[in-house]
Amino acid sequence: MATGTSSDALQTRDLGCQRGGRLLFSRLNLTVQAGQAWWVRGPNGRGKTSLLRLLAGLSRPAEGDILRGLPLVFMGHQHALKDDLSSLEALQFVTRLHNEPSEEAALVQAMTRLGVVHRRKAMVRTLSQGQRRRVALSRLALPAAPRTWILDEPFDALDDEGVATLNTLIQQHCAQGGAAVFTSHQEVQMPGLHTLWLEATGA
């Protein structure tokens, strides 16, 4: 797997992925430019989550290369928050783990943006699924240099207000020179959104 300094945010070259001896996709060529958002779509089992994990460097491809021109932020489908911490403490733990801004003032501002600042002292185990999702997504509202966001089902469990907030965050992030690649089972309406369909390989 290669790392590059291309002006593109992210690029794959003839990328292939196998799982359990089955070829999910092959010869996948994708170029994500700074300022772009991409929605990865396809039927269940076609390798959408597997592709995101490859892009994030969490697994190795069966074939091909990945070139990365911007730092990455990966958020999986699970919220990755510790149940025995308050929501603010859990968010701070995650941001410190990823060398992101972890000052309380910045975290409170980010949680305000996501509409969960009133639950900052509540234990994670007491939060609804939608609230947990919003706390986890607060990472995206923190100040940072342009990056490539790789997000697995980020709209899951969000209400209409949460969906609108995340839409705005992604669009603003891209307008500031970042990029985003995400999956979603929900319909997504976003100006200039690009779509990648993962089709069956026949294998």
With the threshold set at 4.0 Å, does a side-chain nitrogen-carboxylate oxygen contact exist between [X] and [Y]?
X      : Y      : answer
Glu100 : Arg147 : yes
Asp83  : Arg132 : yes
Arg41  : Glu187 : yes
Arg27  : Asp14  : yes

Rounded to the nearest 0.5 Å, what separates atom CG in Asp8 from atom CZ in Arg68?
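Interatomic distance, Asp8 CG to Arg68 CZ, rounded to 0.5 Å: 14.0 Å.
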Considering all heavy atoms of both residues, which atom of Gln131 and which atom of Val116 are nearest to each other, and what is their separation?
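Nearest heavy atoms, Gln131 then Val116: O-CG1, 4.1 Å.
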State, to 0.1 Å, how close Pro101 and Leu107 come at their nearest heavy-atom pair, and which atoms those are.
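What the structure gives for the nearest pair is O-CD2, 3.7 Å.
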Distance-only donor-acceptor check, side chains His185 and Asn44, under 3.5 Å
yes
Residue pair Thr183 / Asp152, side-chain donor-acceptor N/O under 3.5 Å:
yes
Trp39 and His194 aromatic centres sub-6.0 Å:
no
Any side-chain heavy atom of Asn167 sitting closer than 4.5 Å to one from Val188?
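In contact.
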Would you check if Met75 and Leu140 make a side-chain contact, meaning some heavy-atom pair closer than 4.5 Å?
yes
Out of Leu114, Thr165, Leu91, Leu151, which one pairs with Leu137 under the side chain to side chain contact (heavy atoms under 4.5 Å, CB included) rule?
Leu114
